[in-house]
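If you're wondering where the values come from, they're calculated on a predicted model, not measured in any experiment. Counting from 1, the numbers follow the sequence of the chain as shown.
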Amino acid sequence: MPAPLISPSILAADFARLGEQLEAISNADWIHVDIMDGHFVPNLSFGPDITATVKRSTDKPLDVHLMIEEPAKWVKTYIEAGATTVIFHVEAVDDEVAAVDLARQIRDLGARAAFSIKPDTPIEPWLDKLHHFDEVLVMSVEPGFGGQKFMPAMLDKVRALRESIDRQNLDTIIEIDGGIDTETIALAAAAGCDCFVAGSAVFNSDDPAQAVEQLRALAARS
């Protein structure tokens, strides 16, 4: 998959016009679907039914981010709903062994396996386990809320991932989520990100398709 990849988050979309909103970003690479349970993160978003609706409304891969407790109980449900990639939080599983086991389960079910880490979670314990994962999502804000300010310190995690992935000759995708816009995407790209989740920067634009193109161009120049 060529970088940079732009994955608009439907959390920022107008759900009264979801089909129209998805059509407006037909030039995006992926569609990012944020699942929140009101427990792992304070907010509640939507579940597998909306995920399935999105799947029926677009031909883009669905990048499904599970911000939920006990993700192992739900990965099959979301894959059946249309998830191309399932992202779970390492903070929501017991330990590193459980994370690797869950990644194997996701792959066995036919989806791409990914993990995400909160801002306070170190990346170093995971660098020797990257071969078990197709993607790593670095949170550059606290998960669970849209519209937060980008945290530049999180780019140190991206740089560590980039060095480790390149050294191991892996094709693991580095994705970043939180505060990505025309001011921050170049910084994230320069640090080594491949894929960029953008919500407000896309859906709050007068021309979402043009916003996608602008973000992609800014990332490509870095």
Side-chain angles (χ1 to χ4, degrees), residues 1 5 7 9-11 29-41 43-56 58-139 142-144 157-158 160-162 164-165 168-178 193-195 197:
M1 286 173 284
L5 303 168
S7 184
S9 170
I10 63 165
L11 194 63
D29 299 287
W30 298 348
I31 304 297
H32 194 79
V33 182
D34 286 307
I35 307 298
M36 307 180 194
D37 63 1
H39 299 284
F40 181 74
V41 293
N43 284 341
L44 186 68
S45 60
F46 36 77
D49 289 346
I50 293 294
T51 305
T53 297
V54 175
K55 181 63 177 178
R56 290 193 298 270
T58 182
D59 61 356
K60 302 298 180 182
L62 299 192
D63 195 40
V64 177
H65 181 190
L66 300 181
M67 290 176 272
I68 63 175
E69 295 178 348
E70 301 184 283
K73 292 184 177 181
W74 291 97
V75 294
K76 187 173 188 291
T77 298
Y78 281 97
I79 291 169
E80 290 175 346
T84 307
T85 302
V86 175
I87 309 164
F88 63 89
H89 270 266
V90 297
E91 302 89 356
V93 297
D94 289 339
D95 51 31
E96 295 162 22
V97 172
V100 170
D101 286 346
L102 185 51
R104 185 178 301 111
Q105 177 185 342
I106 292 167
R107 284 176 164 179
D108 286 347
L109 289 168
R112 299 171 69 253
F115 72 84
S116 183
I117 52 173
K118 293 182 178 182
D120 288 341
T121 302
I123 193 61
E124 287 75 16
W126 301 95
L127 296 179
D128 64 348
K129 300 168 184 66
L130 296 174
H131 57 288
H132 295 290
F133 298 91
D134 301 290
E135 179 184 326
V136 179
L137 175 60
V138 174
M139 292 302 301
E142 288 294 336
K157 294 181 184 179
V158 173
L161 283 164
R162 181 81 277 149
S164 188
I165 289 168
Q168 297 178 64
N169 196 29
L170 302 175
D171 57 5
T172 309
I173 295 289
I174 304 173
E175 186 174 33
I176 193 161
D177 183 3
C193 287
D194 305 296
C195 185
V197 178

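Scanning all heavy atoms of the two residues, the minimum distance from Pro125 to Pro122 falls at CD-O, 3.7 Å.
Using bins of under 30°, 30° to 60° and over 60° for the plane-to-plane angle, the ring pair Phe115/Trp126 lands in the tilted bin.
Partners of Ser45 under the side chain to side chain contact (heavy atoms under 4.5 Å, CB included) rule, at least two apart in sequence or in another chain, are Leu11, Met36. For Glu69, there are no salt bridge (Lys or Arg N to Asp or Glu O under 4.0 Å) partners at least two apart in sequence or on another chain. The side chain to side chain contact (heavy atoms under 4.5 Å, CB included) search around Glu91 returns Phe40, His89, Ile117, Lys118, Thr121, not counting sequence neighbours. Partners of Asp134 by side chain to side chain donor-acceptor pair (under 3.5 Å), not counting sequence neighbours, listed by chain and number: Arg107. A search for side chain to side chain donor-acceptor pair (under 3.5 Å) contacts involving Arg162 returns Asp166, Asp194, not counting sequence neighbours. Taking the side chain to side chain donor-acceptor pair (under 3.5 Å) definition, one finds that Gln105 meets it with nothing, sequence neighbours left out. Remark: Asp128 pairs with no residue by the side chain to side chain contact (heavy atoms under 4.5 Å, CB included) rule, at least two apart or across chains. Looking at residues two or more places apart in sequence or on another chain, you find no side chain to side chain donor-acceptor pair (under 3.5 Å) involving Thr51. Residues that satisfy the side chain to side chain contact (heavy atoms under 4.5 Å, CB included) test with Pro119, not counting sequence neighbours, are Met139, Glu142, Pro143, Met151, Met154.
Side-chain contact between Ile68 and Phe88 is absent, with no heavy-atom pair separated by less than 4.5 Å.
Taking a 6.0 Å sphere around CG of Asp120, one finds it holds 12 or fewer heavy atoms contributed by other residues, nucleotides or ligands. Counting heavy atoms of neighbouring residues, nucleotides and ligands inside a 6.0 Å radius, atom CG of Asp95 exceeds 12 of them.
Atom CG of Asp171 is separated from atom CG of Asn169 by 8.5 Å, given to the nearest 0.5 angstrom.
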Only distances under 3.5 Å count here; give the side-chain donor-acceptor pairs of residues 72-86 to other protein atoms, sequence neighbours excluded, each with its distance to 0.1 Å.
residue : atom : partner : partner atom : Å
Lys73   : NZ   : Glu70   : OE1          : 3.4
Lys73   : NZ   : Glu70   : OE2          : 3.1
Lys76   : NZ   : Glu80   : OE2          : 2.5
Thr84   : OG1  : Leu62   : N            : 3.0
Thr85   : OG1  : Arg112  : NH1          : 2.6

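Looking at Ser116, its side chain does come within 3.5 Å of a backbone N or O of Leu137 through a donor-acceptor pair.
For His65 and Asp63, the side-chain atoms include no donor-acceptor pair closer than 3.5 Å.
Sorted by first and then second residue, the ring pair (Phe, Tyr, Trp, His ring centres under 6.0 Å) pairs with a member in residues 94-113 form an empty list; sequence neighbours excluded.
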>> Set out, in order, the CA-CA distance, both residues' side-chain angles and the distance that settles side chain to side chain contact (heavy atoms under 4.5 Å, CB included) for Leu66 and Val64, then state yes or no.
In response: CA-CA 6 Å; Leu66 300 181; Val64 177; 3.9 Å; yes
